[in-house]
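Remarks on the structure that follows.
Since this is a predicted model, take the numbers as computed values, not measurements. Atoms within each ligand, like the ligands themselves, are counted from 1 in listed order.
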Amino acid sequence: MTLRVAVIGAKGRIGAEAVKAVEAAPDLELVASLGRDSELTELTDARVDVAVELTHPDSVMANLDYCLSNGIHVVTGTTGWTEERLATVRGLLDAAPSLGLLIAPNFSIGAVLGMQFAQKAAKYFESVEVVELHHDRKADAPSGTATRTAQLIAAAREAAGRAPQQDPTTHELPGARGADVDGIPVHAVRLRGLLAHQEVLFGDTGETLTIRHDSLHHSCFMPGILLGVRKIVDQPGLTFGLEHFLDL
Ligand SMILES: NC(=O)C1=CN([C@@H]2O[C@H](COP(=O)(O)OP(=O)(O)OC[C@H]3O[C@@H](n4cnc5c(N)ncnc54)[C@H](O)[C@@H]3O)[C@@H](O)[C@H]2O)C=CC1
Ligand SMILES: O=C(O)C1=N[C@H](C(=O)O)C[C@H](O)C1
């Protein structure tokens with residue numbers, strides 16, 4: 001069956017790449033491309049099966065509300081997720097139990113693997129910090145990927161019975177130690193010329209381990225987006241993270 005797909009945020013950096021990827025996929029048909037000034041009714045008019053939502057933290061909730069209230073599955077990579085927002089989308093999904101929503105902090109296979117490796121390493125090291133580096137147009141900090149990575153590490157440490165890290169800093173310029181995500185320091189660099197990069201630094205007596213991932217072009221996110229589109233139609237409810245659709 002050919003899936004009818006829309007891209008919301010079709011003129012953005014990742015959205016424009018997603019338009020090309022959907023157009024090139026033989027089993028998918030691009031039936032709508034929405035920008036900031038588009039009407040969401042274009043989605044229902046075009047009888048969209050799956051919307052790929054790649055916009056902005058300020059826009060994503062209204063887009064998801066419309067889609068999930070109108071029978072449209074959603075794959076989104078937009079950032080800015082909080083527990084409160086997740087509770088809201090769970091409510092929308094409860095009211096539309098046949099629909100699926102994939103929220104993927106990162107669609108690239110390397111980034112997903114990096115997160116999994118970090119989760120695996122977490123219990124073995126006393127110290128851990130996350131450094132994410134992105135292009136200079138990024139709206140949010142820290143990145144969705146870094147936030148998720150830190151959450152996974154914190155959960156793995158807790159499950160292993162590891163005590164929270166002790167920070168010896170007594171004299172600090174505010175912000176110098178980064179943001180605190182569940183007890184893990186997360187540092188955000190913004191630099192023209194970069195795309196999306198992350199280092200997870202682990203340390204213990206006499207050794208360190210660095211897990212680094214680099215996204216060099218938006219094409220790296222496309223296989224994950226296409227996989228999400230194909231899988232979400234058979235996966236009702238909320239799926240958080242592309243790893244659930246990968247045979248890891
Ligand atoms: N999960 C992943 O693998 C990835 C996620 N992202 C995330 O995707 C989002 C977009 O990133 P970029 O493409 O770099 O940003 P961008 O600013 O280049 O593109 C966003 C586009 O969405 C449009 N837009 C905003 N509100 C809209 C609305 N209500 N309806 C339709 N279009 C709307 C904007 O006009 C813009 O063209 C960000 O949250 C970013 O962090 C980006 C790359 C990979
Ligand atoms: O804004 C970006 O570019 C990216 N956003 C996502 C994030 O915040 O983690 C994914 C990737 O890092 C690119």
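Rounding to the nearest 0.5 Å places OH of Tyr66 at 9.5 Å from CD of Glu42. Of the inter-residue distances, the one linking Ser38 atom OG with Ile8 atom CD1 reads 9.0 Å to the nearest 0.5 angstrom.
The closest side-chain heavy-atom distance from Val5 to Val48 is not below 4.5 Å. Looking at Arg13 and Leu195, their side chains never come closer than 4.5 Å, going by heavy atoms from C-beta outward.
In this structure, atom 17 (O) of ligand 1 lies nearest to the protein heavy atom Arg13 NH2, 3.6 Å. Nearest non-hydrogen protein atom to atom 31 (C) of ligand 1 is Gly35 O, 3.0 Å. Distance from atom 7 (C) of ligand 1 to its nearest protein heavy atom, with residue and atom name: Gly77 O, 3.4 Å. Nearest protein heavy-atom neighbour of atom 44 (C) of ligand 1: Ile14 CD1, 3.3 Å. For atom 2 (C) of ligand 1, the nearest protein heavy atom (residue, atom name, distance) is Phe107 CD1, 3.5 Å. What sits closest to atom 36 (C) of ligand 1 on the protein, heavy atoms only, is Gly12 CA, 4.1 Å. Nearest protein heavy-atom contact of atom 39 (O) of ligand 1 is Thr79 OG1, 2.7 Å.
Look at Gly144 and you'll find every heavy atom at least 4.0 Å from all atoms of ligand 1.
Taking only nitrogen or oxygen atoms, main chain and side chain alike, Ile8 does not reach within less than 3.5 Å of ligand 1. Residue-to-ligand polar distances place Lys138 within reach of ligand 1: an N/O pair is separated by less than 3.5 Å. Between Thr78 and ligand 1, not a single N/O pair is under 3.5 Å apart. For His135, no nitrogen or oxygen atom sits less than 3.5 Å from a nitrogen or oxygen atom of ligand 1, counting backbone and side chain alike. For ligand 1, the polar-atom distance check finds no N/O of Phe221 at less than 3.5 Å from any of the ligand's N/O atoms.
Proximity annotation for atom 28 (C) of ligand 1: of Ser59, Ala139, Pro57, Ala62, Ser59 comes nearest, heavy atoms only. Around atom 1 (N) of ligand 1, the closest heavy atom drawn from Ala196, Ala104, Ser215 belongs to Ala104. Distances from atom 34 (C) of ligand 1 to the heavy atoms of Arg137, His56, Met222, Arg36 show the closest one on Arg36.
Of the possible donor and acceptor atoms, none in the side chain of Asp136 sits under 3.5 Å from a partner among the backbone N and O of Arg190. In this structure, His217 contributes its side chain and Ser215 its backbone to no donor-acceptor pair below 3.5 Å. With Glu243 contributing its side chain and Leu248 its backbone, the two residues share no donor-acceptor pair below 3.5 Å. Between the Asp167 side chain and the Thr169 main chain, a donor and an acceptor come within less than 3.5 Å of each other.
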Donor-acceptor pairs under 3.5 Å, side chain of residues 104-111 to any protein atom, not counting sequence neighbours: which ones?
residue : atom : partner : partner atom : Å
Asn106  : OD1  : Ser108  : N            : 2.9
Asn106  : ND2  : Thr145  : OG1          : 3.0
Ser108  : OG   : Ala111  : N            : 3.0
Ser108  : OG   : His213  : NE2          : 3.4

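For Thr2, the side chain to side chain contact (heavy atoms under 4.5 Å, CB included) test picks out Glu29, with sequence neighbours left out. Take Arg85 and apply the side chain to side chain donor-acceptor pair (under 3.5 Å) test, not counting sequence neighbours, and it matches no residue.
If you look at ligand 2, the protein residues with a non-hydrogen atom under 4.0 Å away are Thr79, Pro105, Asn106, His134, His135, Lys138, Asp140, Ser143, Gly144, Thr145, Ala196, Phe221.
Under a 4.0 Å N-O distance rule, the pair Lys20/Glu17 qualifies as a salt bridge.
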Assess whether salt bridge (charged side-chain N to carboxylate O under 4.0 Å, His left out) is satisfied between Lys138 and Asp140, documenting all intermediate values.
CA-CA 6 Å; Lys138 186 163 177 59; Asp140 55 307; 2.9 Å; yes
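Against a heavy-atom cut-off of under 4.0 Å, Pro105 is close to the following atoms of ligand 1: 1 (N), 2 (C). Taking a cut-off of under 4.0 Å to the non-hydrogen atoms of Gly9, the atoms of ligand 1 that pass are 22 (O), 31 (C), 32 (N). Of all atoms in ligand 1, listed by their number and element, those nearer than 4.0 Å to a heavy atom of Lys11 are 37 (O).
Cluster annotation: Leu54 is not connected to Val74 through the hydrophobic network of ILVMFWY side chains, with a link wherever side-chain heavy atoms come within less than 4.5 Å.
Residues Ile232 and Leu102 come closest through the heavy atom pair CD1-N, 3.5 Å.
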